[in-house]
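Notes follow once the structure below has been shown.
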Amino acid sequence: MSKERSMRRFRVLLNGAWAIVALAAAACAHAAYPDRPIHVIVPYPAGSTADIMIRTISPQLGEELGQPLIIENRAGGSGITAARFVAKSASDGYTLLFDGINHVTNVGLFDRLPYTVGKDFTPVSYVGNVQTVLLANPKTGFQSVADLVQAAKAQPGVLNFGSAGNGTAGHLSTELLSRATGISLMHIPYKGASPALVDLIGGQVQVLFTGLPPTVSIVQAGQANALVVSGAKRSPLLPDVPSMGELGLLEQDVEIWFGLLAPAGTLDSVVDRLSRAVSQVSNQPKVVRLLVEQGVTTVASTPDQFATVIERDLKRWPPLIRSLGIEPQ
C-alpha cells in the first residue's frame, strides 16, 4: 500500500473516531439534562394564582429533576414582555415560560406580537386549571343565574359587570353568558381582579366573574353571593353552588389553564423529560391537596395534549375577541 493511500486511510479513520466521540459527548450532554438550575419566567405578579401554582409544585419538581427551579416574576405588558424574553432565549431547556390562557387571548387583543404563539414556543405540559365563580353584590338580591337574567332583561343595559381587564377570562365568561341568555350588561374593566372585587363588595359593581380561591371567604362572610362556578362539576370549595355544566352552559365556559412552555427548537428529549417530571409531581397526594386548597385542579399532560389545548383556544378566543371589538386597556 502506498504511503499516500495509508495517510488517506488514516485520516478517514481519525475523522470517524472524532465523529463517534462527538456523538457520544452529545448523547451524554443530552442525557445529563438538567445539570444546572432551571429558570421559570412567570408573567404575573407575586401572589397571583399562576405564581402560587408554580411555587407550590417547584420544590417537588426540582427534586424530580435533580435541579432547583428559580421562579422569576416578570409582570406587566399583558404578559408579552415575559413571553418575548422566553421566545428569544436559548432552546436548551433552562429558560421556561409558565403562562396561562392570556398567552392565547393576547393574539386577539393585539394587532402585532413580537412572537408567534404557534411557532416560537414548544408546549411542555398543561399543569392545571382554575375554576371561576360568578359573584353578585348581595344588595342585588341575585341568588342564581336565573335571577340575574330576569333582572337584566327587565333593565337592558342598566346592570354592570366588572372584570380584571379587557379580554381577560372573566370578561370573556360574562360576554359568553350574556350572549347565551340574551341579556345586555355594561362592562367595567379594572386593572386586575383585586380592585374589581373590592368594588363588587362596595356595590359599585353588580356582578363579577373571577378566580375562585380568593373569593371563598368573601362568600362565606356574606359579602358576595355565588351564582355559578365554571366547569362541568361543582367546586369542593363551594359545594352548594351549581356549575356551568349543571346549567347547560358548558359551551359558554372559559377554561383558565396554566402550563409550561419552552422556546421553539428545544430538543424532544428535554421536553419529554420536563413533561414526565410534571406528571410525576402532579400525582403526588401532597401536591394535589395543596393545589385543591387553592382551587386548582392538576391536569398534567403530554406535550402533544397541551399543544392541542393551545390550538383549540387559538381557534376560539382571538376570533371572539375581535368580533366583540375588545381592545387592550
Side-chain angles (χ1 to χ4, degrees), residues 16-44 50-74 79 81-100 103 114-128 257-288 290-291 296 298-311:
W18 276 115
I20 292 171
V21 170
L23 286 171
C28 289
H30 296 162
Y33 174 85
D35 62 4
R36 63 180 188 271
I38 299 168
H39 290 255
V40 181
I41 309 301
V42 182
Y44 308 95
D51 181 66
I52 292 171
M53 191 186 303
I54 189 62
R55 290 184 188 276
T56 298
I57 69 171
S58 62
Q60 290 84 357
L61 199 54
E63 288 181 14
E64 185 69 26
L65 291 167
Q67 291 291 335
L69 270 64
I70 299 174
I71 312 301
E72 182 179 342
N73 299 92
R74 292 199 176 202
T81 303
R84 177 177 56 191
F85 175 79
V86 175
K88 296 184 180 299
S89 297
S91 304
D92 54 11
Y94 290 98
T95 304
L96 306 174
L97 178 68
F98 187 69
D99 209 348
H103 188 62
Y115 50 81
T116 301
V117 169
K119 294 181 179 179
D120 292 334
F121 299 91
T122 298
V124 174
S125 180
Y126 184 140
V127 175
W257 51 259
F258 294 93
L260 276 175
L261 301 108
T266 302
L267 289 171
D268 289 345
S269 58
V270 171
V271 173
D272 289 340
R273 177 81 176 91
L274 288 166
S275 179
R276 289 196 305 273
V278 172
S279 182
Q280 288 290 333
V281 168
S282 297
N283 289 320
Q284 294 178 11
K286 178 183 177 181
V287 172
V288 172
L290 289 172
L291 290 177
V296 176
T298 55
V299 191
S301 73
T302 66
D304 286 344
Q305 288 169 334
F306 188 28
T308 298
V309 171
I310 294 172
E311 290 167 6

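The structure presented is a predicted model; accordingly, all values stated were derived computationally and were not measured.
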Q: Take I57 and V127, measure what side chain to side chain contact (heavy atoms under 4.5 Å, CB included) needs, and give me the verdict at the end.
A: CA-CA 10 Å; I57 69 171; V127 175; 3.9 Å; yes
Could you report the tightest heavy-atom contact between [X] and [Y], atom names first, then the distance?
{"X": "P123", "Y": "L261", "result": "CA-CD2, 4.3 Å"}
{"X": "P263", "Y": "V86", "result": "CG-O, 3.2 Å"}
{"X": "Q284", "Y": "Q280", "result": "CG-O, 3.6 Å"}
{"X": "R273", "Y": "E64", "result": "NH2-O, 3.2 Å"}
{"X": "I41", "Y": "A82", "result": "CG2-CB, 3.8 Å"}
{"X": "A262", "Y": "L96", "result": "CB-CD2, 3.7 Å"}

Under 4.5 Å between any side-chain heavy atoms of [X] and [Y], yes or no?
{"X": "D92", "Y": "R36", "result": "yes"}
{"X": "V309", "Y": "W257", "result": "yes"}
{"X": "T81", "Y": "R74", "result": "no"}
{"X": "V124", "Y": "T266", "result": "no"}
{"X": "L260", "Y": "L274", "result": "no"}
{"X": "I54", "Y": "V40", "result": "yes"}

Q: Please report the C-alpha distance between Y94 and I70 in whole Å, then the side-chain angles of each, then the deciding distance to 0.1 Å, and finally whether the side chain to side chain contact (heavy atoms under 4.5 Å, CB included) criterion is met.
A: CA-CA 10 Å; Y94 290 98; I70 299 174; over 6 Å; no
Q) How would you list, by chain and number, every residue that makes a ring pair (Phe, Tyr, Trp, His ring centres under 6.0 Å) with F98, sequence neighbours excluded? A)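 F98: no ring pair (Phe, Tyr, Trp, His ring centres under 6.0 Å) contacts found.
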Q: With sequence neighbours excluded, tell me which residues meet ring pair (Phe, Tyr, Trp, His ring centres under 6.0 Å) with F85.
A: none
Q.
For F121 and Y115, take the angle between the two ring planes, folded into 0 to 90°, and tell me which bin it lands in: parallel under 30, tilted 30 to 60, perpendicular over 60.
A. perpendicular
Looking at [Y], is its backbone amide N or carbonyl O close enough to the side chain of [X] to form a donor-acceptor pair, meaning the two atoms are under 3.5 Å apart?
{"X": "S279", "Y": "S275", "answer": "no"}
{"X": "S91", "Y": "A264", "answer": "yes"}
{"X": "Y33", "Y": "G93", "answer": "yes"}
{"X": "Y44", "Y": "G100", "answer": "yes"}
{"X": "S125", "Y": "S301", "answer": "yes"}
{"X": "S282", "Y": "V278", "answer": "yes"}
{"X": "S58", "Y": "R55", "answer": "yes"}

Q | Separation between CD of Q60 and CG of N283, rounded to the nearest 0.5 Å | A |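 Answer rounded to 0.5 Å: 12.5 Å.
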Q.
Rounded to the nearest 0.5 Å, what separates atom CG in D120 from atom NZ in K88?
A.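 D120 atom CG to K88 atom NZ measures 7.5 Å (nearest 0.5 Å).
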